[in-house]
Amino acid sequence: MQTVSTIFINGEAVEGERNPFPVINPATGEAFAQCPAATPEQVDQAVAAANAAFKTFQHTPDADRKAMLHRIADLIDANADELAQLVTLEQGKPLALAQMEVGAAAGWTRYNADLDVPVKVVEDSDTRLAELHHKPLGVVGSITPWNWPLMIAVWHIMPAIRTGNTVVSKPSSMTPFSTLKLVELINQVVPAGVINIVTGEGGIGRAMTQHQDIRKIVFTGSTPTGQDIMRKSADNLKRLTLELGGNDAGIVLPGADIDAIAQGIFQTAFLNMGQTCAALKRLYVHEDQYEAVCSKLAEIASQQVVGSGLESDVTFGPVQNQDQFNLVSELVEDARAQGARILCGGEAQPGNGYFYPPTIVADVSNGVRLVDEEQFGPVLPVIKYSDVEDAIVMANDNVNGLGGSVWGSDIEQARSVAARLETGTAWINNHAEVLPHCPFGGSKMSGFGVEFGEEGLLEYTQPQLLNISRG
Ligand code: NDP
């Protein structure tokens, strides 16, 4: 497959001035292409181009920016096959899931195109007219991870452009190609310098975080990196949206209809091989239904076909990278050593590629690393409880607070439990569902700020109060 071999600065395809680096296909463990690598000087050039473009782009009529985003969405659709292939090659997910990612990328772009930036009339009296407007910030730095590379880039870039900012994008060096292709497409629509991209292994993200001419960083990735970005952003008081790690709990209430909820639990725990920040990562089940839930989940897990995402019958792809694969194996072995029961999976698949089958782990509790830490992989620990109050305490007993869920037939009871979860989102009879119109963000160490909806759009703006005196 042909991959984009340049970065983009000021609307131009530019050679990276460092030696290119290999990008691994997680299904083979082998490099499939070389990615261009930028220098810190090229980061400066990209920021300078974005800064120059901002001077005029911020004044582009609203209707023009809406039309631009619609044209970008059409280009994503027109290049959907290539984008989906790239996502599967670099990320590993089954092609059908990559196609969904591309479809969602186009859908999110159209949703942002149609969003309006509100003007709030705060006072309209004989004395004054006070209106709250929202102005773009300037250059936005977008730093993205490797789990949903195309979709998360779209989540960052589209609201930024929609509101009149300009962007420098830095994708994960493990999954750079779908974002490089996206930026190539966006450049066919927007004026030069509005979107720029710099790729490189290590150092590029830091150069952006410390850059005085970047006004905001939107970051999705690990909590330690988010903390580093926050520290380094202090110098010029960058605005931040930080979407960080999660270790989401799900609580199955006593008397739940197991057949009705088991597929939903499985799918939302193992979405993208569990490599989703808001996947269900710990499941608390009442003792009366514990064995039944465990065996049902193990049965569904055993039906998965594990293999390369490019093979048509495969439903379950590899873990994205060696480090993540090692972490998952390590945490399962640690749980096993502490007496956990591995109901299915629990052993890496022999051969090349980072294949780890869906794994259900029973007889674990809080205090075991697999439960306490974000394992970000294809494993679900199932924890027994005897009192719903205890389940709530255990669910909240974590530094993370991205999402949480409650599963059961009594919606009023589920609602009262959901209200007590210390999370940015609480789902009932679902998990991990994100929607373009529903604000999404973390609490506690999972970050701050929201993405999506009007609230997410406004994170790319600076409020300005207009006060017109009427004497
Ligand atoms: P990181 O947070 O290390 O990397 C995410 C992005 O940040 C990459 O583009 C990376 O660039 C960049 N980056 C790394 N260090 C810095 C820095 N100091 N300043 C600015 N940018 C930086 O995540 P990993 O990919 O290493 O994954 C590690 C863990 O993060 C996972 O195990 C998982 O727990 C969590 N994670 C959470 C995600 C989420 O959606 N919330 C997504 C992915 C991971 P480069 O690749 O070039 O190093």
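Indexing begins at 1, ligand by ligand and atom by atom, following the structure's order. Worth knowing before you read on, the calculation uses all heavy atoms, side chains too, and leaves out hydrogens, waters and symmetry mates.
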Relative to each other, are the rings of [X] and [Y] parallel, tilted or perpendicular (30° and 60° limits)?
| X | Y | answer |
| --- | --- | --- |
| F316 | F266 | tilted |
| W155 | W108 | tilted |
| W146 | F376 | perpendicular |

Report yes or no: do [X] and [Y] form a side-chain donor-acceptor pair below 3.5 Å?
| X | Y | result |
| --- | --- | --- |
| Q375 | R369 | no |
| Q91 | T175 | no |
| T425 | W427 | no |
| H156 | S142 | yes |
| N236 | H211 | no |
| Q338 | D334 | yes |

Any idea which part of [X] is under 4.0 Å from ligand 1, heavy-atom wise: side chain, backbone, both or neither?
| X | answer |
| --- | --- |
| I152 | neither |
| P224 | neither |
| T144 | backbone |

- Item | Contact check, F219 vs ligand 1, heavy-atom distance below 4.0 Å |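 It does; at least one heavy atom falls under 4.0 Å.
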
- So is G447 close enough to ligand 1, meaning a heavy atom under 4.0 angstrom away?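 Distance cut 4.0 Å: G447 fails for ligand 1.
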
Among all protein heavy atoms, pick the one closest to [atom] and tell me residue, atom and distance.
| atom | value |
| --- | --- |
| atom 28 (C) of ligand 1 | S222 CB, 4.1 Å |
| atom 44 (C) of ligand 1 | F376 CE2, 3.7 Å |
| atom 12 (C) of ligand 1 | I143 CG2, 3.7 Å |
| atom 11 (O) of ligand 1 | K170 NZ, 3.0 Å |
| atom 22 (C) of ligand 1 | T225 CG2, 3.5 Å |
| atom 27 (O) of ligand 1 | W146 NE1, 3.4 Å |
| atom 34 (O) of ligand 1 | E374 OE1, 2.6 Å |
| atom 42 (C) of ligand 1 | P145 CB, 3.3 Å |

- ring pair (Phe, Tyr, Trp, His ring centres under 6.0 Å) pairs, two or more places apart, involving residues 164-190: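 Those involving residues 164-190 are F32-F177.
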
- Message: What's the separation between atom OG in S172 and atom CG in N321, rounded to the nearest 0.5 Å?
- Response: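 If I round to the nearest 0.5 Å, the distance is 8.0 Å.
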
Polar contacts were defined as any N/O atom of the residue lying under 3.5 Å from an N/O atom of the ligand; does this apply to [X] and ligand 1?
| X | result |
| --- | --- |
| G200 | yes |
| Q324 | yes |
| G205 | no |
| N147 | yes |

- Message: On a heavy-atom basis, I'd like to know which of R231, R206, Q375 is closest to atom 19 (N) of ligand 1.
- Response: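 It is R206 that holds the nearest heavy atom.
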
- Item | Option of least heavy-atom distance to atom 39 (C) of ligand 1 (set: C277, S169, S233) |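 Looking at heavy atoms only, C277 sits closest to atom 39 (C) of ligand 1.
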
Identify, by atom number and element, the atoms of ligand 1 in contact range of [X], meaning under 4.0 Å from any of its heavy atoms.
| X | result |
| --- | --- |
| T209 | 20 (C) |
| L244 | 41 (N) |
| G202 | 47 (O) |
| T220 | 39 (C), 40 (O) |

- Message: Strictly less than 4.0 Å: does any protein heavy-atom distance to atom 4 (O) of ligand 1 fall in that range?
- Response: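 Looking at atom 4 (O) of ligand 1, one finds that no protein heavy atom lies closer than 4.0 Å.
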
- Message: Other residues, nucleotides and ligands only: do more than 12 of their heavy atoms fall within 6.0 Å of CD on Q303?
- Response: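 More than 12 within 6.0 Å, yes.
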
